[in-house]
A.B. asks: 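Please find one structure pasted underneath; my questions will follow.
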Amino acid sequence: QDGSGSPDMLLGVRETNDGAQFAESCEPGPYHFVAGELDEQCDLFHFWSVHPGGANFAMADGSVRWFAYTADEVMPALATRNGREVVQWPN
């Protein structure tokens, strides 16, 4: 967001808007895993998909998992490697 081009392509689970000029009208955040729209500039601050109801995510073990937007609560645990959070997959 600082215009350097470096971390501009990284996206965190609870991303914030640090006042980037291209997103002055966007809320400061933090942003959550919710539905977005292609023509909404502020949606660049959170994970979302053009699929209805959720998104696919590539996991570290090489699998791909579907997450409904209701999974927003567990997203921070899934995005850390040192938190030691245990996530149970539904059967």
A.B. asks: For the CZ atom of Phe45 and the CD atom of Glu15, what is their distance to the nearest 0.5 Å?
C.D. replies: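 Reported to 0.5 Å precision, the distance equals 7.0 Å.
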
A.B. asks: Could I get the full list of side chain to side chain donor-acceptor pair (under 3.5 Å) partners for His32, not counting sequence neighbours?
C.D. replies: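 In terms of side chain to side chain donor-acceptor pair (under 3.5 Å), with neighbours along the sequence ignored, His32 is linked to Arg14, Asp72.
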
A.B. asks: Does atom CD of Gln41 have more than 12 heavy-atom neighbours, drawn from other residues, nucleotides or ligands, at distances under 6.0 Å?
C.D. replies: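 Yes, the 6.0 Å shell around CD holds more than 12 heavy atoms from other groups.
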
A.B. asks: Taking the six-membered ring where the residue is Trp, are the ring centres of Phe47 and Phe57 under 6.0 Å apart?
C.D. replies: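 Yes, they do, as the ring centres are separated by less than 6.0 Å.
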
A.B. asks: Test of understanding: clusters of I, L, V, M, F, W, Y form through side-chain heavy atoms closer than 4.5 Å, transitively. Do Leu38 and Phe33 belong to the same one?
C.D. replies: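 Yes, same cluster.
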
A.B. asks: Of all the heavy-atom pairs spanning Ala79 and Val13, show the shortest one and how long it is.
C.D. replies: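 The answer is CB-CG2, 3.0 Å.
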
A.B. asks: Residues in side chain to side chain donor-acceptor pair (under 3.5 Å) with Asp61, at least two apart?
C.D. replies: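 Result, side chain to side chain donor-acceptor pair (under 3.5 Å) vs Asp61: Ser63.
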
A.B. asks: Would you give the length of the straight line joining atom OH of Tyr69 to atom NE2 of His46, rounded to the nearest 0.5 angstrom?
C.D. replies: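 These two atoms lie 8.0 Å from each other.
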
A.B. asks: Counting only heavy atoms from other residues, nucleotides and ligands, does the tally under 6.0 Å from CD of Glu37 exceed 12?
C.D. replies: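 No, because the 6.0 Å sphere around CD of Glu37 holds 12 heavy atoms or fewer from other groups.
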
A.B. asks: Spell out, as yes or no, whether a donor-acceptor pair under 3.5 Å connects the side chain of Asn17 to the backbone of Ala23.
C.D. replies: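 Yes; judged by distance alone, with no hydrogens or angles, the pair exists.
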
A.B. asks: Hey, does Pro30 have a side-chain heavy atom less than 4.5 Å from the side chain of Thr16?
C.D. replies: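 Thr16 vs Pro30: side chains touch.
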
A.B. asks: Can you pull out every disulfide (SG to SG under 2.5 Å) where at least one residue sits in residues 19-82? Sequence neighbours excluded, please.
C.D. replies: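 The answer is Cys26-Cys42.
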
A.B. asks: Mind checking the CH2-OG spacing from Trp66 to Ser49? Nearest 0.5 Å is all I need.
C.D. replies: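 Rounded to the nearest 0.5 Å, the CH2-OG separation comes to 6.0 Å.
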
